[in-house]
Each structure stands twice: as structure tokens, then as C-alpha cells.
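Have a look at the structure below before the remarks.
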Amino acid sequence: MAEATAQGTVTDGSPVDETALDEVVRFTSELIAIDTTNRGGGDCRERPAAEYAAERLAEAGLEPVVLERTKGRSNVVARIAGSDPDAGAGALLVHGHLDVVPAEAAEWSVHPFSGEVRDGVVWGRGAIDMKNMDAMILAVARAWARAGVRPRRDIVIAFTADEEDSAKDGSGFLAGQHPELFEGCTEGISESGAFTFHAEGGRRLYPIAAGERGTAWLKLTAQGRAGHGSKVNRTNAVSRLAAAVSRIGEHDWPVRLTPTVRAALTELAALYGVEADLDASDFDVDALLDHLGRAAALVAPTVRNSSNPTMLSAGYKVNVVPGSATAFVDGRMLPGGEQEFHDTLDRLTGPDVDWEFYHREVPLQAPVDSATFAAMREAVELFDPAGTTVPYCMSGGTDAKQFSQLGIVGYGFSPLKLPEGFDYQALFHGVDERVPVEALHFGARVLDHFMRNTGPEA
């Protein structure tokens with residue numbers, strides 16, 4: 001059983017020692033300094049970071065394999081044998097991506113690929129998304145090796161390429177071409193969960209992701225009659241496209257509450273002392289969100305499907321009506337909302353505009369009443385007894401979508417205890433991305449405790 005010392009430090013027989021705490025900071029810094037910018041369209045090279053991760057795992061006595069679909073786009077997979085792998089829990093996949101989105105150095109306070117550690121903070125692109133979690137995984141695996149610790153269930157570690165684009169060279173490649181490496185995996189954890197969300201009244205929430213909206217990036221094409229810009233044109237492709245884009249952008253999607261979102265609303269309402277009958281005929285989700293203060297931001301993006309026009313392209317000269325025009329829309333679909341999304345787009349685009357999926361990924365949902373979710377709750381609240389974990393659904397997506405093809409149920413769990421005023425979500429893909437050293441220490445401890453104790457008889 002875990003105990004608290006006089007200094008308030010939690011002790012639970014953890015092998016996470018000072019070496020591990022030093023390593024999680026150093027690994028985060030050194031991974032950031034390896035520029036793995038993914039500009040899309042195949043313009044990225046993750047291999048140096050993959051080799052770095054593989055070397056750290058090999059030093060811990062593991063046998064990592066490095067795999068590529070495309071030269072330079074490397075992935076790393078390793079397995080840690082559990083102490084009781086046949087007890088029925090299945091293996092746990094712990095995965096993080098190695099690529100990062102671009103960063104303009106001129107906009108940053110420090111160089112985005114410096115990995116500078118200053119005033120107790122690690123700076124650089126990937127500090128939050130998600131080289132911090134990669135470093136935690138490495139530090140914990142090495143701490144186990146030093147202490148001779150084994151988890152209850154098999155742990156499969158995967159570091160992937162290409163998450164910030166199509167995942168074709170990363171998790172998509174691994175799931176499609178190397179499923180044998182994930183044999184026995186029933187559940188997985190990765191980014192975007194168990195971070196501190198500061199709500200009103202000093203409340204510290206830790207949202208754990210148990211779902212993701214599906215990706216529906218759309219290409220719209222309007223055809224028309226090309227002609228001179230000075231003449232009346234009733235079949236103007238630009239006009240047809242603009243009308244469709246306007247309808248899509250202004251559409252008010254209906255409320256659809258998935259089990260994960262229902263659980264989030266129920267727990268948040270109870271925490272805020274708000275009565276809420278989600279099954280009442282007159283239930284108004286927006287009114288409930290108005291009573292949840294800052295915490296509403298955790299749920300608001302996921303009570304509906306969404307569709308945001310993002311790109312337009314047409315014409316080449318001001319006095320020429322083009323024969324075609326195109327637009328792109330960032331759509332997101334709730335679990336169970338795919339057919340509604342498809343039917344609605346057919347109606348909104350109308351007879352004069354065609355649409356297709358430019359990129360599509362499935363929505364995901366994971367149970368919040370599972371033993372694994374309970375173990376994640378327990379681990380977070382052990383190390384922050386004043387914190388409260390809540391389930392939530394991600395508005396975006398992760399590599400869990402590709403691994404779901406193997407029947408792996410995915411959760412978002414990359415724990416960080418963050419100070420008030422630290423806007424975690426704004427730093428995803430933002431300027432001056434950074435992570436506090438103490439947050440990394442907390443994350444390593446929580447991740448270690450969870451991974452060691454999830455599984456049979458946990």
C-alpha cells in the first residue's frame with residue numbers, strides 16, 4: 001500500500017528514483033533537440049529520434065526493433081514481459097509519436113529545437129506534443145530494468161512516425177504490416193489525458209480520454225461554365241462552391257451525447273453541484289455547460305459533430321470565370337455519428353457540388369467503467385490526492401485510431417501535474433511550447449505506478 005512521508009512524498013515501492021527523474025528531463029530535452037518536423041506529404045525524418053529511443057531501450061536490456069515503410073520514417077517497438085501474462089488481462093500498448101509540427105524560430109522566446117532547460121521548465125517543439133511522454137516511457141522502462149521490476153501484464157512500447165500527418169508511415173504501417181508485434185494487446189494508452197485542468201474554486205481536474213471524434217477531412221468540388229468575367233454566368237463554379245461552404249460553416253449540428261460524454265457531464269455536474277437529468281425530454285446541454293465554468297471546455301467540442309471550412313481554391317485571373325472551384329473542410333464525427341454526418345453533407349453541398357473524404361479516420365470510444373480506467377484514476381489521485389479525475393472525449397485524434405484496427409481499445413493518458421495558469425491545451429502546436437520539470441517528475445511516477453499495477457487482480 002502506498003504511504004506518504006513526512007515531506008509529503010508518496011512511496012509505493014516505486015523504482016522511479018533520482019536517476020529516473022533526471023533521465024525523464026534529459027530525455028525530453030534531447031528528443032526535442034532532434035528536429036523531427038513533419039511538414040506533411042512525406043517531408044519528415046524521424047529516424048534519428050527512433051535510433052535514440054531504441055538505444056535507450058537496448059541499454060535497459062530490451063530488444064527494440066526499428067521498422068520503416070519509407071526510408072527515414074522510422075518506428076520503434078519493444079515488449080516487456082509481464083509477471084502474469086496469462087491471467088487474462090491482455091497486454092497493454094504504451095505508444096508515443098516521434099514527429100512534431102513545424103515551428104517558426106523567429107516567433108519563439110527560445111529556439112524551438114534547443115531543448116533548453118531554464119527556470120525549471122523544458123522548452124521546445126514537442127515538449128507537450130509529445131516527446132515528454134516518450135521520455136517518460138523511456139525513463140520508466142529503464143528504472144524497471146535497474147530495479148528488476150516487472151509489470152503484471154505484458155507492456156508493448158511503440159514509438160511511431162507520421163502521427164502529425166496521415167500515420168501511413170507510422171501506426172498505420174505498424175498495424176497493417178506488423179500486427180504480430182502487438183499480439184495480445186487489448187488496450188493502449190497515449191497522449192492527451194491526465195493533465196491538470198484548473199477549474200474554479202481551486203479544483204484540479206485530470207481529464208482522462210476515453211474516446212475520440214473521427215476525422216473527416218473533406219474536399220469539395222464545384223463545376224460550372226467557364227467564361228468572361230464581364231458576362232452574366234448562372235453556372236458560376238465559385239458561386240456554387242461559396243454557397244455550399246457557407247451552408248456548411250453555418251450549420252448547427254444537433255446534440256448527440258455518446259456514453260463517454262454522458263459520463264463526463266454526469267461527473268462534472270456532480271462536482272459542481274448542478275442537478276442534471278440527461279435523459280429528460282427538455283434537457284439542454286448548452287445550459288448545463290453554462291453552469292460548469294471553465295470545465296465546460298473539456299466537453300463542449302464533443303457534444304456534436306462539426307464542420308469547419310478551412311481552404312478555398314479557384315480561378316487564375318480576376319476577369320475569368322473558372323470552370324471549377326475547390327474547398328476543404330475539417331469535419332469531425334462523433335462515435336455513432338458517421339451516417340448523420342454523411343447524410344448532412346449530401347444535403348448541405350446540394351446538387352451542384354460534389355464532396356469526398358480527403359482523409360478519414362474512425363471515431364473511437366472506450367469504456368469508463370473498466371479496470372484499466374479505474375487504475376488510471378487511482379494512479380493520478382494517489383500522487384495528487386486533492387485532484388479529481390474525470391472522463392472526456394478528445395475533439396481530435398491520435399494513433400489510437402490506427403491501433404484500433406487490431407482491436408486495441410485506446411485511452412489518452414500522459415500524466416502531468418501543471419501549475420495554475422499553465423495553458424496546456426493552447427501549447428499543442430503553439431508558440432513557446434514547454435513543460436515544467438516537476439510535471440515530468442509527476443508524470444513518470446504516475447505512469448510507473450499505473451503500468452506496474454494495471455492487470456490481473458489490480
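Quick note: numbers below take in every heavy atom, side chains included, and nothing from hydrogens, waters or symmetry partners. Start at 1 with the first residue, then count along the sequence.
- Salt bridge status for E68 with R73: absent, with no side-chain N to carboxylate O gap under 4.0 Å.
- For the side chain to side chain contact (heavy atoms under 4.5 Å, CB included) test, no residue two or more places apart in sequence or in another chain qualifies with D354.
- With sequence neighbours left out, S190 forms a side chain to side chain contact (heavy atoms under 4.5 Å, CB included) with H95, M130.
- With sequence neighbours excluded, no residue forms a ring-ring contact (aromatic ring centres under 6.0 Å, His included) with F197.
- Residues S83 and R150 bring no donor and acceptor atom of their side chains to less than 3.5 Å of each other.
- Taking the salt bridge (Lys or Arg N to Asp or Glu O under 4.0 Å) definition, one finds that R262 meets it with D279, sequence neighbours left out.
- Every residue meeting the salt bridge (Lys or Arg N to Asp or Glu O under 4.0 Å) condition with E340, not counting sequence neighbours, appears here in chain and number order: R256.
- A search for ring-ring contact (aromatic ring centres under 6.0 Å, His included) contacts involving W217 returns H359, not counting sequence neighbours.
- Residues that satisfy the side chain to side chain contact (heavy atoms under 4.5 Å, CB included) test with K168, not counting sequence neighbours, are R69, D162, S166.
- Not a single ring-ring contact (aromatic ring centres under 6.0 Å, His included) links F113 to another residue, sequence neighbours left out.
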Can I get a per-line list of side-chain donor-acceptor pairs under 3.5 Å for residues 418-427, giving both atom names and the distance, sequence neighbours left out?
| from | atom 1 | to | atom 2 | distance (Å) |
| --- | --- | --- | --- | --- |
| D423 | OD1 | A426 | N | 3.3 |

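- Within 6.0 Å of CG on D343 lie more than 12 heavy atoms contributed by other residues, nucleotides or ligands.
- E30 pairs by the salt bridge (Lys or Arg N to Asp or Glu O under 4.0 Å) definition with R26, not counting sequence neighbours.
- Looking at residues two or more places apart in sequence or on another chain, you find a side chain to side chain contact (heavy atoms under 4.5 Å, CB included) between A386 and R204, D384.
- For D448, the salt bridge (Lys or Arg N to Asp or Glu O under 4.0 Å) partners two or more places apart in sequence, or in a different chain, are R452.
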